[in-house]
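Below you'll find the structure, written out as structure tokens, and then a few comments.
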Amino acid sequence: MSLAEYIQEKRKTKDILIMAHVVCGYPSFEDNIRALEIMQSAGVDLVELQFPFSEPSADGPLFVQANEESLKSGTTIGQCFDFMKEATTLFSFKVLMMGYYNTVFKMGEEEFLRRLVKAGGTGFILPDLPLEEAVNIHSLAIEKDLAPIILMTPTSSNERLAKLGAASRGMVYVVARKGVTGSKTVIGDNVLKLIEQCRKHTDVPIAVGFGIGGRKDVDALRGHADVAIVGSAALRAWKRSGASGLQDLFLSLSR
Amino acid sequence: MSLAEYIQEKRKTKDILIMAHVVCGYPSFEDNIRALEIMQSAGVDLVELQFPFSEPSADGPLFVQANEESLKSGTTIGQCFDFMKEATTLFSFKVLMMGYYNTVFKMGEEEFLRRLVKAGGTGFILPDLPLEEAVNIHSLAIEKDLAPIILMTPTSSNERLAKLGAASRGMVYVVARKGVTGSKTVIGDNVLKLIEQCRKHTDVPIAVGFGIGGRKDVDALRGHADVAIVGSAALRAWKRSGASGLQDLFLSLSR
Amino acid sequence: MDIFEFPPGREGYYGEYGGVFLPEILQSTIQELQECFRKCKNDEKFWSEYIEILKNYSGRPTPITYLPNLSKQLGGAQIYVKRDDLNHTGSHKINNVIGQGLLCKRLGKNRVIAETGAGQHGFATATMAARFGLDCTIYMGEVDVARQRPNVFWMENLGAQVISVTDGQKTLKDAINECMRDWVSNMADTHYVLGTACGPHPFPEMVSWFQSVIGLEAREQLLELTGSLPDRVYACVGGGSNAIGIFQGFLDSDSVELIGCEAGGLGVESNLHAARLAYSDASVGVAQGFKTYFLQNGQGNMLKTHSIAAGLDYIGINPIFSYLWEEKKVRFEAATDEEVKEALRLTMRSEGLIPALETAHAFVTAIKEAPHMGRNEIILINQSGRGDKDIFTIADALDDQKWKSFINEKSDQYHREKY
Amino acid sequence: MDIFEFPPGREGYYGEYGGVFLPEILQSTIQELQECFRKCKNDEKFWSEYIEILKNYSGRPTPITYLPNLSKQLGGAQIYVKRDDLNHTGSHKINNVIGQGLLCKRLGKNRVIAETGAGQHGFATATMAARFGLDCTIYMGEVDVARQRPNVFWMENLGAQVISVTDGQKTLKDAINECMRDWVSNMADTHYVLGTACGPHPFPEMVSWFQSVIGLEAREQLLELTGSLPDRVYACVGGGSNAIGIFQGFLDSDSVELIGCEAGGLGVESNLHAARLAYSDASVGVAQGFKTYFLQNGQGNMLKTHSIAAGLDYIGINPIFSYLWEEKKVRFEAATDEEVKEALRLTMRSEGLIPALETAHAFVTAIKEAPHMGRNEIILINQSGRGDKDIFTIADALDDQKWKSFINEKSDQYHREKY
Ligand SMILES: Cc1ncc(COP(=O)(O)O)c(C=O)c1O
Ligand SMILES: Cc1ncc(COP(=O)(O)O)c(C=O)c1O
């Protein structure tokens with residue numbers, strides 16, 4: 001089942017899905033598994049596994065530190081794929097790879113996709129790979145039934161959204177605001193208008209991320225977006241109160 | 001009796017005269033008197049009293065420090081003249097003023113000479129006042145029968161020596177070597193040749209100074225110069241062993 | 001050869017290198033910048049306004065100085081030096097910064113941000129911002145803040161906010177990441193004044209264009225002085241802006257050999273250097289917005305770099321150089337920290353010039369090669385900056401005891417003041 | 001008016017001021033120097049060689065920079081700045097030093113000595129000596145060594161011997177005395193490179209001649225830029241070399257008012273300043289080889305002086321200025337330490353220029369007067385040097401806490417290294 005089909009199927013019974021985010025190897029792979037268990041039991045629908053990179057320039061301080069710490073503790077791409085395999089075997093949510101293009105480039109796009117398939121991944125998000133540079137990997141991905149996630153943003157012109165929409169597969173990631181991950185976004189009219197605008201240019205489900213902090217934000221997106229992406233908020237909860245904090249956060253979202 | 005006459009008179013009985021040097025107010029006027037007493041009793045013939053100045057650029061470190069300390073303890077020109085008066089009253093040697101031109105300039109040349117006469121001074125040595133700038137003060141001095149001491153140096157050309165000689169009155173101060181006061185001079189052939197050269201250009205007695213350290217130097221000058229000038233050596237002796245050191249030095253010279 | 005004549009569909013690429021690898025959120029910003037730059041580049045008035053400011057504000061043209069003593073001592077080629085150290089703020093960085101400042105005004109933005117390593121680019125940017133009336137934030141790795149405090153002091157006094165970056169290696173590359181993070185938030189009113197010929201298109205082309213003033217002047221001046229072109233041109237290569245700047249005066253002349261001098265740090269197998277092309281530790285990658293040779297591991301994560309010169313201590317290299325190197329148009333050599341100190345000493349004593357530590361890398365290589373060249377051959381070195389700013393680093397490197405006592409006394413004085 | 005056309009028998013005198021007051025032992029040396037200088041001055045080739053070196057080595061001509069922001073902010077005259085801070089070594093001092101270096105070669109001497117206050121002249125002299133292959137000894141007051149350590153560091157690294165002078169006030173005047181003491185010993189092979197337009201003839205004339213390059217350039221450049229002469233020209237006055245340098249471009253033009261800006265230190269009645277003509281504490285005297293206004297007491301002993309700017313902290317003044325002041329050709333004003341800090345801040349933030357503390361005295365006065373002048377009037381300020389060298393003094397003056405922490409950390413590092 002492709003990513004779009006999976007989301008559409010789930011949406012029949014849920015008015016909004018939740019996508020969570022985990023930085024591989026941070027604080028440790030054991031903690032990652034614990035986090036995924038909590039997410040699974042709280043009914044999370046999608047998880048993006050971030051492969052750590054030394055120059056995470058689109059990330060905010062929390063993820064920057066997580067990337068750094070994970071690398072410092074020796075995390076390799078092999079371990080990330082192994083972990084993904086484990087996750088896709090143990091859990092029922094769909095898993096996406098998230099990371100920076102150099103990780104893919106160094107491995108080779110073909111090889112990367114082959115391993116992604118093998119690990120059970122559903123798609124990938126590469127925030128620093130613009131459409132123009134993605135032509136090859138996108139067509140390879142589509143051949144393999146992987147979703148190459150495209151990002152739409154508040155600074156994208158209509159012309160640009162049309163281009164992005166035409167290339168979109170599986171799901172579109174709508175960036176709710178300017179800036180990096182981590183800081184709070186108020187889901188107001190401008191976000192809803194942005195979603196509406198994006199909808200005009202794509203048929204695939206729409207996920208909204210960047211600064212989704214809790215139940216209130218998810219409620220605000222209900223009826224507008226298909227998926228709410230909870231990234232830094234989860235990491236913040238974990239750092240503040242560990243597994244129980246994470247559990248509280250995700251339970252509150254599905255309550 | 002003019003300075004030249006005084007020297008010529010004394011030279012009849014002594015094959016070389018001694019001129020000593022004292023910095024007024026250093027270490028104190030009391031010490032100065034003590035030093036003069038020693039000089040008198042050791043048979044010193046001439047004494048130059050240095051009026052301290054803040055920029056003694058022709059002096060070496062020992063005199064620089066003496067000038068500085070004296071000024072710091074509040075020595076004034078008035079005190080220097082008073083002291084000179086005291087010295088010329090108490091002692092039989094002749095006294096010359098030595099200092100920098102600004103001391104004279106600030107007071108006014110006329111006034112300076114008037115006070116010099118009043119204090120019993122015989123002449124003055126102003127090392128930073130070149131002949132060209134001294135025309136006025138020299139003629140005023142000669143009127144007052146004061147000796148405006150001219151310096152002849154190892155760098156003076158014959159032409160220059162002729163000029164200096166023509167203007168010389170009372171005594172000529174032959175600078176034995178380049179440099180500032182204080183460091184040792186070896187009285188060798190070049191010094192004797194210099195004296196000989198100077199003699200050709202002047203009829204007045206010749207005093208030789210700069211680095212005359214002790215008996216050996218004075219002996220070397222004997223038969224060549226009329227006066228040996230003992231400056232820093234005396235101050236050094238005083239600083240090293242006080243009054244007794246000074247006494248030893250001057251006694252050794254006249255022995 | 002016009003390296004900036006891109007084949008269709010390959011805009012911003014030099015062979016395989018360059019491109020734009022940025023988050024989608026910056027797509028419109030970078031496009032706006034590309035368009036604005038294209039307009040400026042085609043507008044003769046822009047260039048003449050640019051040259052006019054460089055002339056009246058920064059003191060261009062900078063001269064070429066012949067080094068008679070060093071040439072004689074080395075006994076080979078005749079050595080000439082292009083004096084970009086005489087620029088206002090003390091390095092070639094001001095050229096690029098004035099150019100981007102003008103461009104920023106055309107973009108209608110009132111705020112600039114910049115990364116800085118050695119501090120020179122930050123200093124230049126803060127200066128330009130004061131002069132052009134722009135708000136200014138400078139990002140600088142914590143390590144560099146520590147080793148280049150005088151520049152930080154001046155930046156702040158020029159009115160810039162200096163933010164110490166504590167991520168990653170806490171050096172130049174991390175400052176660039178922070179700039180990107182600022183830029184994706186504030187692109188509406190903010191122009192990112194990238195300091196070297198790296199980063200996404202149009203930066204390598206744009207910075208090269210502004211820095212080409214060095215090469216254009218140098219070619220003409222050297223012809224006037226000597227009647228001929230140089231046989232070899234040496235320039236240090238951090239990001240690669242001063243080097244591409246001077247090289248552009250000679251790219252068309254096959255008789256001129258161009259030599260880029262990288263930071264050899266502790267040496268060829270030390271793993272503590274920043275030589276991307278001279279040593280063989282780097283490989284092609286994509287980071288910080290562009291594709292080039294990076295010092296990275298097999299997983300694509302960047303390696304720790306090191307140089308005595310903060311301004312050369314960078315993981316990547318001007319993508320144009322990756323291309324020109326492969327095309328054998330530019331040769332690359334590295335100079336170690338130790339060699340740099342030696343060359344600096346020699347240059348100071350023999351000619352009264354104080355090259356920046358970065359620049360001294362070019363001197364090292366020229367000094368090594370000059371003796372093996374003929375007396376009638378000509379070497380041109382680009383003196384990208386002056387060494388004054390490096391006093392703390394140089395004094396430390398030379399282990400100057402009097403300097404250390406001075407700093408200790410100064411510190412004692414500050415402690416006393418407190419109580 | 002040619003101030004250097006001396007009446008018969010008055011060579012070296014400007015009205016009552018100037019002259020030669022040196023020990024007899026230097027008579028032949030100074031005469032040799034006078035003759036050599038006269039020959040050089042009458043030799044067009046000498047001047048063109050001089051200008052050539054300034055061009056190729058020091059980056060002359062230095063530009064004139066218009067200050068739009070400051071002019072607008074002050075709302076009066078249009079302010080232009082002559083940029084001698086862009087010279088090699090960072091100040092106008094290099095002009096004089098290159099000139100005297102050439103002269104030294106003509107004299108056939110292989111050693112130079114120089115006094116220095118701010119360190120700029122010593123830095124310039126050490127640089128020239130390295131370049132010209134001369135031995136070099138620099139005398140510097142102990143107090144100045146302490147406050148200008150970076151310059152000492154560079155002098156030493158340029159190969160000069162720096163001797164800390166512990167006599168007297170341990171500042172500039174004492175360094176001059178020490179130079180005299182060296183010179184009377186070593187005149188045979190040593191030329192004394194006096195750093196300002198003071199001292200015995202021919203120094204005031206000679207230094208003025210070399211520095212006239214500033215005024216000659218400035219007059220032409222300003223005419224080209226604005227079509228007219230300035231209404232007022234401001235320059236700081238320590239010994240008075242940069243001021244006489246720029247003023248010489250305008251002495252013949254009665255419409256141009258010339259303003260010398262002295263060090264007001266702690267203010268007019270503080271007794272801690274170095275204002276010889278602007279305040280009324282100085283009187284005519286003879287010291288350090290010449291006659292001029294000195295800050296001295298009634299007995300002719302020199303007073304303690306003070307300035308935030310080491311380079312202005314001098315007891316005497318260019319004898320030409322004593323004359324031009326009495327003739328009402330030059331007006332004198334003083335700027336206090338506090339005013340200097342304020343002007344420095346303003347200039348940095350509004351125009352991205354960092355004048356030396358010395359130079360900032362000229363800015364103070366110009367900034368005070370500009371608002372009272374018409375919008376169509378023109379002010380020209382001579383930026384004699386850049387402020388980089390003053391980082392310790394400026395950081396102290398501005399009480400910069402980050403700088404102090406940095407120095408404390410640096411000191412801790414040095415202490416740790418020891419054990
Ligand atoms: C003086 C100087 N030269 C060279 C460089 C290296 O930069 P680039 O390779 O872009 O010229 C720097 C960087 O800060 C610098 O300050
Ligand atoms: C930058 C600068 N300006 C001015 C002066 C003062 O000297 P002068 O009055 O001779 O120009 C100095 C002296 O060191 C200086 O360094």
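Excluded from the calculations below are hydrogen atoms, water molecules and symmetry mates; all remaining heavy atoms, backbone and side chain alike, are included.
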Most contact-rich option vs chain B, by heavy-atom pairs under 4.5 angstrom, among Met187(D), Gln299(D), Met180(D), is Gln299(D)
Can you tell which part of Pro56(B) gets under 4.5 Å to a heavy atom of chain D, answering side chain, backbone, both or neither? both
Between Arg114(B) and Glu111(B), does any NZ, NE, NH1 or NH2 come within less than 4.0 Å of an OD or OE carboxylate oxygen? yes
May I ask you to check whether Tyr293(D) and Trp325(D) place their ring centres under 6.0 Å from each other? yes
Look at Leu129(B), Ile77(B), Leu151(B) and state which one has the largest set of heavy-atom pairs under 4.5 Å with chain D. Ile77(B)
Structural part of Glu133(B) lying under 4.5 Å from a heavy atom of chain D: side chain
Side chain / backbone / both / neither for Gln288(D) at chain B, heavy atoms under 4.5 Å: side chain
I'd like to know whether the aromatic ring centres of Phe112(B) and Phe105(B) sit less than 6.0 Å apart in this structure. no
Which region of Ile25(D), side chain (C-beta onward) or backbone (N, CA, C, O), has a non-hydrogen atom less than 4.5 Å from a non-hydrogen atom of chain B, or is it both or neither? both
Ring-ring centroid check Phe6(D) His201(D), cutoff 6.0 Å: yes
Is there side-chain contact between Leu131(B) and Arg160(B), with at least one heavy-atom pair below 4.5 Å? yes
Could you look at Pro130(B) and say if it's the side chain, the backbone, both or neither that has a heavy atom under 4.5 Å from chain D? both
Picking from Thr155(B), Leu164(B), Val175(B), which has the most non-hydrogen pairs under 4.5 angstrom with chain D? Thr155(B)
Let me know if Thr76(B) has heavy atoms under 4.5 Å from chain D in its side chain, its backbone, both or neither. both
Once you measure the plane-to-plane angle for Phe83(B) and Phe29(B), does it fall in the parallel (<30°), tilted (30-60°) or perpendicular (>60°) bin? tilted
Residue Val180(B) versus chain D: region with a heavy atom under 4.5 Å: both
State whether Asp226(B) and Arg199(B) are salt-bridged, where the test is any N-O pair (Lys NZ or Arg NE/NH1/NH2 against Asp/Glu carboxylate O) under 4.0 Å. yes
Between Ile149(B) and the options Leu3(B), Thr122(B), Val172(B), the side chain to side chain contact (heavy atoms under 4.5 Å, CB included) test singles out Leu3(B)
Atom group of Asn67(B) that falls short of 4.5 Å from chain D, counting heavy atoms: neither
Pick one of side chain, backbone, both or neither for Gln296(D), based on which atoms fall under 4.5 Å of a heavy atom in chain B. side chain
Using non-hydrogen atoms and a 4.5 Å limit, figure out which bit of Leu71(B) sits close to chain D: side chain, backbone, both or neither. side chain
Answer yes or no: is there a side-chain heavy-atom contact under 4.5 Å between Tyr139(D) and Thr137(D)? yes
So, Phe21(D) versus Phe290(D), ring centres under 6.0 angstrom or not? no
Which one wins on heavy-atom pair count under 4.5 Å against chain B: Arg181(D), Met302(D), Glu178(D)? Arg181(D)
Given that the side chain runs from C-beta out, which part of Asn186(D) has a heavy atom under 4.5 Å from chain B: side chain, backbone, both or neither? neither
Contact origin within Glu24(D) toward chain B - heavy atom pairs under 4.5 Å: both
Determine whether the aromatic ring centres of residues Tyr17(D) and Tyr323(D) are separated by less than 6.0 angstrom. no
Engaged part of Gln65(B) at the chain D interface, taking heavy atoms whose separation is under 4.5 Å: neither
